[in-house]
Amino acid sequence: MESKSYVSKVRIDRSPLWKKSAPVLSELDMELTERCNNNCIHCCINLPSDDISAKEKELNTGEIKEILKEAASLGCMSVRLTGGEPLLREDFEEIYLLSRKMGFKVLLFTNATLLTPQLAELFARVPPLEHIEVTMYGMKQKSYESVSRSRGSYESAWNGVKLLTEKGIPFIVKGTVLPPNEDEIEEFIKWTSNIPWMSSHPSLSMFFDLRYRRDKGKNHLIERLRLTPEKGLAILSRDREGYFKSTREFCSKFMSPPGDRLFSCGAGLGKGCVDAYGYFQLCIPLRHPDTVYDLKKGSIKDAVTRFFPEVRELKASNPDYLARCAKCFLKGLCEQCPAKSWTEHGTLDTPVEYLCGIAHTQARYLGLLKENEMSWQVKDWKERIRKFSESIS
Amino acid sequence: MEVKNRFDVIYTYSDDIVAREIEGELIIIPLVSGIGDMEDELFSLNETGKAIWDKLDGKKSLKEILEILSDEFEAPKGEIEEDVVGFVNELTKRGILVEVSGN
């Protein structure tokens with residue numbers, strides 16, 4: 001008899017390619033809490049773990065279950081559980097199991113400090129089907145806890161990583177570049193190369209977001225901790241050839257002036273983020289009141305099929321934005337977006353000088369801009385992109 | 001155990017998987033470890049597989065399923081039998097289907 005297969009393995013990543021039309025919702029972020037047991041100096045979202053008023057406002061297990069049920073009915077395949085620190089929730093295990101039993105792949109963002117042998121056992125028995133993402137803040141107790149400002153967190157984080165390793169639970173780590181740990185980057189990268197699930201260098205946060213809730217008290221410190229564009233470039237281009245190669249590939253696809261349409265990213269396109277209190281956002285940072293949807297008064301389907309598309313049609317009206325960002329061809333190098341404008345200025349269309357500086361510094365290094373030239377003044381940008389895309393570093 | 005010549009057996013979906021139909025695709029998602037070879041492996045069924053899958057309700061024996069499919073597709077029983085046997089063997093090996101206990 002001819003050998004015939006009735007079942008095939010499929011890899012559905014976070015941007016699945018469906019044979020027919022894509023489902024209404026492909027992926028969902030669930031920010032289970034804004035509270036965190038760490039108090040990181042650069043963090044854009046954390047509230048104290050014992051913030052009772054925040055805890056009382058959080059969605060309860062039943063409400064989260066209803067949201068997950070609707071997401072499943074809309075075809076969603078992947079749920080990201082994030083925070084704050086999602087493992088702080090007493091019902092985390094229940095939410096995790098609910099998600100997996102509904103047929104979601106689960107992507108967990110954690111600092112790993114609250115991982116217990118029981119939880120590791122659960123992840124080993126019922127795998128998340130996505131690599132757990134652990135953020136590490138230092139290779140030594142002093143550096144780690146200077147960032148986390150939480151006594152004992154260094155040992156707890158390393159214990160968490162050890163548990164995942166021992167149980168063979170796939171995970172990757174991400175790093176941050178901050179004054180207490182900036183001398184440890186090479187040591188950190190070397191350590192991550194021994195993690196079997198790391199297929200490339202770890203991502204390193206260094207151009208930090210301001211507070212998503214615009215609670216400005218911590219912003220001064222975050223601004224002071226941000227790397228200068230020049231210092232950031234020095235880190236990004238440590239591997240000059242690799243940096244040119246990846247930027248060239250990216251630039252060939254994503255470099256053109258965006259015009260006055262504010263949303264040129266994929267935010268809200270078949271995906272979104274539910275915050276800890278039941279508000280549905282196009283992406284994790286974007287909390288401008290005009291762009292969030294109250295799920296207690298509506299549905300995910302209504303948000304994704306009606307509300308989000310309306311928001312995505314918004315156009316810039318700020319003259320400064322129209323004169324600069326709308327005409328800037330460095331879109332692929334610049335993180336300017338409505339979410340960043342919101343966190344920095346409380347608007348959707350204000351140029352963020354810090355991001356503009358980073359993009360221009362990179363563009364000059366890559367040869368896309370001349371010294372003192374501003375991107376929105378460049379007329380022959382298509383030619384420059386073409387030459388750059390075809391060049392060999 | 002090979003299914004050939006055991007058509008009185010009833011099969012059903014394993015509790016170790018979750019099956020979801022999304023945009024016309026039947027996707028089988030492992031719930032416990034050991035179903036796939038890799039940590040992020042999901043499965044989909046071809047059209048023949050899906051037709052057989054839809055008949056597995058934990059109540060009908062393979063013999064009954066064969067008869068239903070034979071009528072439905074107006075195909076010779078031998079041909080259908082080959083597909084059903086192949087399908088059940090493959091999915092039981094992967095732990096996606098299990099025999100209903102007590103039959």
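In what follows, chains carry the letters A, B, and so on, assigned in the order in which the sequence lines appear, proteins first and then strands, with residues in each chain numbered from 1. What you see below is based on every heavy atom in this structure, not just the backbone, and it leaves out hydrogens, waters and symmetry mates.
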* Ignoring hydrogens and geometry, is there a side-chain-to-backbone donor-acceptor pair from B:Ser33 to A:Ala124 under 3.5 Å? -> yes

* To do: Using atom types as modelled and distance alone, determine if a side-chain donor or acceptor of A:Arg100 lies under 3.5 Å from a backbone N or O of B:Val32.
  => no

* To do: Report yes if some heavy atom in the side chain of B:Arg20 is under 4.5 Å from a heavy atom in the side chain of A:Met77; otherwise report no.
  => yes

For [X], look at atom [atom1] and say whether over 12 heavy atoms of other residues, nucleotides or ligands are found less than 6.0 Å away.
X	atom1	result
A:Phe188	CZ	yes
A:Lys296	NZ	yes
B:Lys55	NZ	yes
A:Lys174	NZ	yes
A:Glu90	CD	no

* Structure fact -> Of B:Ile17, B:Val18, B:Asp16, B:Asp83, the largest count of non-hydrogen pairs under 4.5 angstrom with chain A goes to B:Asp83

* Quick one: which of B:Asp15, B:Ile29, B:Leu31 gives a side chain to side chain contact (heavy atoms under 4.5 Å, CB included) with A:Lys101? -> B:Leu31

